[in-house]
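All values below come from the heavy atoms of this structure, side chains included, with hydrogens, waters and symmetry mates left out. From a predicted model like this one, the values you see are computed outputs, not experimental measurements.
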Amino acid sequence: MRRATFDTSTRKDSKAVKLNSELSEASHGKLKEDELNKIYLMREKSAHITKAARSATLANVLAPLLCIPVFKGEVDPLHLDIWLSYMFSVVVIRTWIVFQLEYKAEAIVDPRHNLRMMTYAVGIVGFGWGLGWVLMAPDLLMVNRMIYVYMITAAMIAGMFAYSVNNATFLAFTLPIMIPSLSTALWSLDFLPWPFTVGLASLYIVVFSIAKNFARTFEESVSFRFRNERLYQELANERDQSVAANVAKSKFIAVASHDLRQPMHAVNVYLDLVNIDNLPLAEQKSMAKIKNSITALNAMFDSLLNISKLDADVMQVNERVFRLEELASTLHDLTETKANNKGLALNIIYPELIVRGDKLLLQQIMTNLVANAIQYTEGGEIEVTFTTEQDHLVMKVRDTGCGIAEAEQQQIFQQFFRADKTRALHDGLGLGLSIVKRLCDLMGAEIRVVSEEGVGSCFIVKTTFVASASEEEINLTRVISPSNHTQQSLQGKCIAVIEDNPIIVEAYRHTLVNKGAHVQVLSEYENELDIQLETIDHIDCVLCDYRLSETTGDRLIEKIRENFNEEIPAIIVTADTSPQHLELFSRHNIEVMYKPIDIKSVEAFISARAR
């Protein structure tokens, strides 16, 4: 069914052709260049927002429905019925509008009209979420209030990527969500914990900042593409446009990754300080759901970090001799729980072999492939097989999942690619297989996929790493060499901590002291640090935040090392994944942990590196 604004499909197509013709003939003076640029930009904005809104339709339907079982027993039935009725109505209206509007930029006739309609469509949904807070939040328990806040915050972050290219659309969606949740601080000081409210306000500020940067980057990218098309219409210049889009994307990822890692790091620390066993059973389940959501976000950040490392060219292949059983056992430990949670059988088949290769890179490749298989398999099994071919290690991951269309089997290794039929059903950024492909290229391996829709997929990785059952051929003497990062006890170790957030300092201290370590909290100010170092005989490991109030962590680590005249093991905690900083830390032999992290990970990281 066509929109009533257009009489027939012929009329619509003729208008689009006319507008495209005007764009191509502008050099003859039919329209001014700035007017053309404005029209072109609005068409791209409209196309971007409409596509994003279409892909989010299922989430808009499911999210209110999920609130029914969670909130039904606590909320006034009348208020819940009012809210659900309103959400049902506006979701229907939104869906109708979104699927009536054209989503291909070159076919959009009136971009101003489309943007107005999209602003109205997402605005009434945003108002619904704000209305839900006003109607239901006063009746909810604290845990369920926090769940509702996480839901609307997730909606805002999704809106940041989808709607921020048009300021009116973005504000129409976010302000009705944001204002009610923040205004509750005026209702009662006990309504939400004040640190949570402050953190929420900070997160909203970050969201607005990133949205502004993304909108600017989007407009610059679109304007750049328009100028190229005007200058090189006969050549089509698609390669330059792709480069421009990739630069804009990388810039946005760097900004988003850094700014969002900071509050996420604090959330991880605060959640680790919560003793779930002391909560009522119902709240334990809710807290478990919160932790699962945070785990999913952490996985997305890890994917962005791996891309940054590969872009910075700081990953290297470090070959050593190891038993294949070690890799298989680690892979089983990392993926078994996730497979069991979906009711999938995980079978890992391997012969008794010794391999000379980079076990960590192989582990990362296989972990990503198994995680991908689990994500797209709803029933059956995941089978991992290690074999050899001409004395080289070959790895296979087979699943009984949904399969991959033949036309998409080459695209799945591209960054941010996600198949249309599964995009709305699974979380993720579309980076896992891209990382696998780049890691395979790094170590000279070949990867291919064999898949049939509805039957399953099999990923095959052929490496250049030698594998043999003969200990003599592999040089067994290298097998017994200890790993550089062997887990050891922290009993009696002196750990220096430098961090400007007192809550995180206390979390570090509590965890490390419980493991028998002696914790020295050092100042970031040089005069105070000098005085403190005079009273310390030795330090086994330094744990330091990178961005402090007055300086940076790498400088303080170098100062401490100079004071003791030895290269003390050091770990920096940071949210900055830029290539220049990756190179900086590598040059100074400083280990890095990237936010967001949990306290247990910090403990394990230090245990493996303290002297």
Atom pair [atom1] ([X]) and [atom2] ([Y]), whose distance is rounded to the nearest 0.5 Å:
{"X": "L115", "Y": "N167", "atom1": "CG", "atom2": "CG", "value": "12.0 Å"}
{"X": "N501", "Y": "S549", "atom1": "CG", "atom2": "OG", "value": "10.0 Å"}
{"X": "R145", "Y": "L140", "atom1": "CZ", "atom2": "CG", "value": "7.0 Å"}
{"X": "E378", "Y": "D399", "atom1": "CD", "atom2": "CG", "value": "11.0 Å"}
{"X": "K72", "Y": "L84", "atom1": "NZ", "atom2": "CG", "value": "10.0 Å"}
{"X": "I179", "Y": "Y204", "atom1": "CD1", "atom2": "OH", "value": "11.0 Å"}

Is [Y] close to [X] at the side-chain level, that is, under 4.5 Å between some pair of heavy atoms?
{"X": "V98", "Y": "Y103", "value": "no"}
{"X": "P64", "Y": "W129", "value": "yes"}
{"X": "I382", "Y": "T377", "value": "yes"}
{"X": "F127", "Y": "I177", "value": "no"}
{"X": "N144", "Y": "F71", "value": "yes"}
{"X": "M151", "Y": "C67", "value": "yes"}
{"X": "N60", "Y": "T57", "value": "no"}

Is the backbone of [Y] close enough, under 3.5 Å, to the side chain of [X] for a donor and an acceptor to pair up by distance?
{"X": "K342", "Y": "I374", "value": "yes"}
{"X": "T217", "Y": "N213", "value": "yes"}
{"X": "K45", "Y": "V165", "value": "yes"}
{"X": "H79", "Y": "M136", "value": "no"}
{"X": "R43", "Y": "P111", "value": "no"}
{"X": "T50", "Y": "A47", "value": "no"}
{"X": "S209", "Y": "I205", "value": "no"}
{"X": "N514", "Y": "H510", "value": "yes"}
{"X": "E74", "Y": "L141", "value": "yes"}
{"X": "D110", "Y": "H113", "value": "yes"}

Search all heavy atoms of [X] against all heavy atoms of [Y] and return the closest pair with its distance.
{"X": "A56", "Y": "R94", "value": "CB-NH2, 4.1 Å"}
{"X": "A162", "Y": "I49", "value": "O-CG1, 3.6 Å"}
{"X": "S457", "Y": "S451", "value": "OG-OG, 2.7 Å"}
{"X": "G380", "Y": "T400", "value": "CA-OG1, 3.4 Å"}
{"X": "A215", "Y": "S164", "value": "CB-O, 3.2 Å"}
{"X": "A53", "Y": "M118", "value": "CB-CE, 3.5 Å"}

> Does E283 have any salt bridge (Lys or Arg N to Asp or Glu O under 4.0 Å) partners at least two apart in sequence or in another chain, and if so, which?
Replying inline: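 None.
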
>> Please enumerate all residues that pass salt bridge (Lys or Arg N to Asp or Glu O under 4.0 Å) together with E381, with sequence neighbours excluded.
In response: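 With neighbours one apart ignored, the set is R398.
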
> Do the two ring centres, one from W133 and one from W83, sit under 6.0 Å apart?
Replying inline: no

> When you look at N340 and T337, which way does the side chain to side chain contact (heavy atoms under 4.5 Å, CB included) test go after all the steps?
Replying inline: CA-CA 5 Å; N340 289 343; T337 301; 5.7 Å; no

> Does a sphere of radius 6.0 Å around CZ in F208 hold more than 12 heavy atoms from other residues, nucleotides or ligands, not counting ones at 6.0 Å or beyond?
Replying inline: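 Enclosed: over 12 neighbouring heavy atoms sit under 6.0 Å from CZ of F208.
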
>> Before you tell me yes or no, could you show the steps for E219 and R216 under salt bridge (charged side-chain N to carboxylate O under 4.0 Å, His left out), namely the whole-Å CA-CA distance, both residues' side-chain angles and the distance that decides it to 0.1 Å?
In response: CA-CA 5 Å; E219 291 186 7; R216 183 174 64 251; over 6 Å; no

>> I need the single residue from F170, F173, F214 that forms a ring-ring contact (aromatic ring centres under 6.0 Å, His included) with Y163. Which is it?
In response: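 Testing each of F170, F173, F214 against Y163, the sole residue satisfying ring-ring contact (aromatic ring centres under 6.0 Å, His included) is F173.
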
> Between the side chains of N114 and E102, is a donor N or O closer than 3.5 angstrom to an acceptor N or O?
Replying inline: no

>> What verdict does the side chain to side chain contact (heavy atoms under 4.5 Å, CB included) test give for V61 and V91, after you've listed the backbone C-alpha separation in whole Å, the side-chain angles of each residue and the deciding distance to 0.1 Å?
In response: CA-CA 7 Å; V61 174; V91 167; 3.9 Å; yes

> Got a sec, which pairs hit side-chain hydrogen bond (donor to acceptor under 3.5 Å, both in side chains) with one end in residues 115-124, sequence neighbours left out?
Replying inline: T119-T169

>> As a quick check of understanding, evaluate side chain to side chain contact (heavy atoms under 4.5 Å, CB included) for F88 and I93, giving each step before the final call.
In response: CA-CA 9 Å; F88 173 79; I93 295 172; over 6 Å; no

